[in-house]
K.L.:
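The structure under discussion is supplied below as structure tokens; questions concerning it will follow.
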Amino acid sequence: MGRSPCCEKAHTNKGAWTKEEDQRLVAYIKAHGEGCWRSLPKAAGLLRCGKSCRLRWINYLRPDLKRGNFTEEEDDLIIKLHQILGNKWSLIAGRLPGRTDNEIKNYWNTHIKRKLLARGIDPQTHQPLSGAAANAPSSRLQDQLAAARSSCSPQTSGAGHSSDEDSASVPYLGGIDLNLSLSPPSQPSSPVAAVAN
DNA sequence: AATATGCGCAACCGCTCCGTG
DNA sequence: ACACGGAGCGGTTGCGCATAT
């Protein structure tokens, strides 16, 4: 269906951002704040699509980004949250201060997936892989997930929209207080503390 | 030392959601 | 109530770097 493109593709840069572009974007947002992304590139003097600017800022330039290796706690938290939320990376990111949805998504696909498979756990369903279950070490996490499964509504896959963002039905998983109400990333609600086992 | 292969990160694309007129 | 436009999200791709052969 004919939807107007978000930008004039012919007049926009693509690919890796240059230092100068970064500086322009940061300077503009510092001066004016995150406003209308569609008009931002023009106002900031950037030959970029608004979407691209938003992504660059959120995933790379934001001052509150943590960057660097994920800790074991973050690992576990991501796995637990994924068990509840499915591929709702933005929601998961909301519980991990300083982390972005893109970063978590990449980390999941490159590290955690493999880690779970090595444990004999299906990364999508979080169920033991058939036949490999015996090989899976009896981790504490596994027990927690099993317990959670029996107490939470079984809405995996994240396809079930709306309900998983419904903070009225706050899921509770093995000591994780999953208040899923969205909070700006800059105001973390100390999720790691919530894990406190 | 050169080449092939694998891995990880950054960025893009298309779709959906949500607010507004 | 409906249509439109902007913002946000998730999936996928491309590129550069590291490691293996």
Side-chain angles (χ1 to χ4, degrees), chain A residues 1-26 28-29 32-44 46-72 74-75 77-79 81-118 122-126 155-168 178 180-188:
Chain A
M1 317 279 199
R3 232 173 109 80
S4 60
C6 70
C7 49
E8 288 288 338
K9 296 195 181 212
H11 302 102
T12 54
N13 291 339
K14 281 170 84 171
W17 281 64
T18 64
K19 236 179 179 174
E20 194 192 337
E21 285 177 315
D22 281 348
Q23 285 168 355
R24 274 180 188 267
L25 181 57
V26 170
Y28 182 87
I29 292 179
H32 302 92
E34 295 177 41
C36 172
W37 291 110
R38 194 177 169 90
S39 57
L40 184 148
K42 200 175 176 184
L46 288 163
L47 292 174
R48 289 277 179 176
C49 164
K51 278 171 107 172
S52 184
C53 294
R54 178 186 154 270
L55 212 61
R56 183 65 179 171
W57 171 253
I58 289 176
N59 289 326
Y60 201 81
L61 299 175
R62 243 172 43 194
D64 58 321
L65 290 181
K66 201 184 272 184
R67 311 201 71 78
N69 295 337
F70 282 75
T71 65
E72 273 299 316
E74 286 175 315
D75 255 31
L77 186 57
I78 292 169
I79 294 169
L81 289 169
H82 185 271
Q83 155 75 12
I84 305 262
L85 302 168
N87 295 357
K88 295 284 181 184
W89 306 116
S90 58
L91 285 176
I92 294 173
R95 315 301 303 174
L96 287 150
R99 301 295 188 188
T100 71
D101 54 355
N102 205 36
E103 194 179 8
I104 293 171
K105 181 170 59 181
N106 282 333
Y107 187 66
W108 175 269
N109 286 325
T110 55
H111 293 89
I112 300 185
K113 249 185 181 176
R114 214 172 302 154
K115 188 171 163 181
L116 289 180
L117 286 170
D122 185 326
Q124 274 312 307
T125 64
H126 294 262
Q155 273 179 336
T156 44
S157 88
H161 187 264
S162 80
S163 60
D164 54 20
E165 283 154 42
D166 187 359
S167 57
L178 280 170
L180 297 179
S181 56
L182 290 173
S183 56
S186 54
Q187 298 162 7

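Residue numbers start from 1 in every chain, and the chains themselves are labelled A, B, ... in the order their sequence lines are given, proteins ahead of strands. Values below: every heavy atom of this structure, side chains too, minus hydrogens, waters and symmetry copies.
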K.L.:
Restricting to non-hydrogen atoms, name the atom on A:Asp75 and the atom on A:Ile112 that form the minimum distance, rounded to 0.1 Å.
P.N.:
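Of all heavy-atom pairs spanning A:Asp75 and A:Ile112, the closest is O-CD1, 4.3 Å.
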K.L.:
Report the nucleotide, chosen from C:dT12, B:dA11, C:dG8, that has the shortest atom-to-atom distance to any side-chain atom of A:Leu55.
P.N.:
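Comparing C:dT12, B:dA11, C:dG8 against the side chain of A:Leu55, the answer is B:dA11.
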K.L.:
With the side chain counted from C-beta on, respond yes when A:Asn87 and A:Gln124 share a heavy-atom pair under 4.5 Å apart, and no when they do not.
P.N.:
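Yes; the side chains approach each other to less than 4.5 Å.
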K.L.:
Do any side-chain nitrogens or oxygens of A:Arg54 fall under 4.0 Å of OP1 or OP2 in B:dA11?
P.N.:
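Looking at the OP1 and OP2 atoms of B:dA11, neither is under 4.0 Å from any side-chain N or O of A:Arg54.
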K.L.:
Is the phosphate of B:dA10 approached by A:Arg56 (side-chain N or O, under 4.0 Å from OP1 or OP2)?
P.N.:
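It does not, given that no N or O in the side chain of A:Arg56 lies less than 4.0 Å from OP1 or OP2 of B:dA10.
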K.L.:
Taking only side-chain nitrogens and oxygens of A:Asn102, does any of them come within less than 4.0 Å of OP1 or OP2 of C:dG10?
P.N.:
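Answer no for this pair, as no side-chain N or O of A:Asn102 is under 4.0 Å from OP1 or OP2.
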K.L.:
The criterion is side-chain contact (heavy atoms from CB on, under 4.5 Å); which residues satisfy it with A:Glu34, sequence neighbours excluded?
P.N.:
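Testing A:Glu34 for side-chain contact (heavy atoms from CB on, under 4.5 Å), a comparison that skips the adjacent residues, returns A:Ile29, A:Trp37, A:Trp57.
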K.L.:
Test of understanding: with salt bridge (Lys or Arg N to Asp or Glu O under 4.0 Å), list the residues that count as partners of A:Arg54, not counting sequence neighbours.
P.N.:
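Expected list: none.
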K.L.:
I need the NZ-P distance between A:Lys113 and B:dC9, as an integer number of Å.
P.N.:
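These atoms are roughly 15 Å apart.
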K.L.:
Using the side-chain heavy atoms of A:Trp37, tell me which of these nucleotides is nearest: B:dC12, C:dA7, C:dT12.
P.N.:
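Nucleotide nearest to A:Trp37's side chain: C:dA7.
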K.L.:
Tell me whether the side-chain N/O atoms of A:Ser90 come closer than 4.0 Å to OP1 or OP2 in C:dC9.
P.N.:
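Looking at the OP1 and OP2 atoms of C:dC9, one of them is under 4.0 Å from a side-chain N or O of A:Ser90.
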K.L.:
Just how far, in rounded Å, is C1' of B:dC9 from CD1 of A:Ile104?
P.N.:
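That distance rounds to 15 Å.
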K.L.:
Base, sugar-phosphate alone, or nothing: which one does A:Tyr107 contact when heavy atoms must sit under 4.0 Å apart?
P.N.:
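No contact.
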K.L.:
With the side chain of A:Tyr60 defined as its heavy atoms from C-beta on, choose the nearest nucleotide among B:dA10, C:dG6, C:dG10.
P.N.:
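Comparing B:dA10, C:dG6, C:dG10 against the side chain of A:Tyr60, the answer is B:dA10.
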K.L.:
Output all residues satisfying side chain to side chain donor-acceptor pair (under 3.5 Å) with A:Lys66, sequence neighbours left out; order by chain, then residue number.
P.N.:
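With neighbours one apart ignored, the set is A:Glu74.
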K.L.:
In whole angstroms, how far is the C1' atom of B:dA10 from the NZ atom of A:Lys14?
P.N.:
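Between C1' of B:dA10 and NZ of A:Lys14: 14 Å.
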K.L.:
What's the NZ-P distance between A:Lys88 and C:dG8, to the nearest Å?
P.N.:
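The distance from NZ of A:Lys88 to P of C:dG8 comes to 16 Å, rounded to the nearest Å.
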K.L.:
Rounding to an integer number of Å, can you tell me how far A:His82 NE2 sits from C:dG10 P?
P.N.:
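After rounding, the gap between these two atoms is 10 Å.
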K.L.:
What's the CG-P distance between A:Leu91 and B:dC17, to the nearest Å?
P.N.:
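Rounded to whole Å, this separation is 14 Å.
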K.L.:
At less than 3.5 Å, do the side-chain atoms of A:Lys105 and the base atoms of C:dG11 form a donor-acceptor pair?
P.N.:
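Pair found.
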K.L.:
Roughly, in whole Å, what's the span from CG in A:Asn87 to C1' in B:dT16?
P.N.:
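The answer, rounded to whole Å, is 16 Å.
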K.L.:
Measuring to OP1 and OP2 of C:dG10, would you say a side-chain N or O of A:Trp108 lies under 4.0 angstrom away?
P.N.:
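A:Trp108 to C:dG10 OP1/OP2: no side-chain N or O under 4.0 Å.
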K.L.:
Check this one for me: any side-chain N or O of A:Arg38 less than 4.0 Å away from OP1 or OP2 of C:dA7?
P.N.:
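No, A:Arg38 has no side-chain N/O under 4.0 Å of OP1/OP2 on C:dA7.
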K.L.:
Can you sort out the partners of A:Ser39 under side-chain contact (heavy atoms from CB on, under 4.5 Å), two or more places apart, ordered by chain and number?
P.N.:
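Checked A:Ser39 against side-chain contact (heavy atoms from CB on, under 4.5 Å); matches are A:Cys36.
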K.L.:
NA contact type, A:Asn59, heavy-atom cut-off 4.0 Å: base, sugar-phosphate, or nothing?
P.N.:
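Result for A:Asn59 = nothing.
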K.L.:
Calculate the interatomic distance between A:Gln124 atom CD and C:dG10 atom P; express it in whole Å.
P.N.:
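In whole Å, C:dG10 P lies 13 Å from A:Gln124 CD.
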K.L.:
Could you list the protein-to-nucleotides 4-8 of chain B atom pairs, N/O on both sides, closer than 3.5 Å?
P.N.:
from	atom 1	to	atom 2	distance (Å)
B:dG8	OP2	A:Arg114	NH2	2.9

K.L.:
Please determine whether any donor N or O and acceptor N or O are separated by less than 3.5 Å between the side chain of A:Lys51 and the base of B:dG14.
P.N.:
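Flag set: donor-acceptor pair detected.
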K.L.:
Indicate yes or no: at least one non-hydrogen side-chain atom of A:Leu81 is less than 4.5 angstrom from one of A:Lys88.
P.N.:
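Sidechains of A:Lys88 and A:Leu81: no contact.
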K.L.:
Output all residues satisfying salt bridge (Lys or Arg N to Asp or Glu O under 4.0 Å) with A:Lys113, sequence neighbours left out; order by chain, then residue number.
P.N.:
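Salt bridge (Lys or Arg N to Asp or Glu O under 4.0 Å) list for A:Lys113, sorted by chain: empty.
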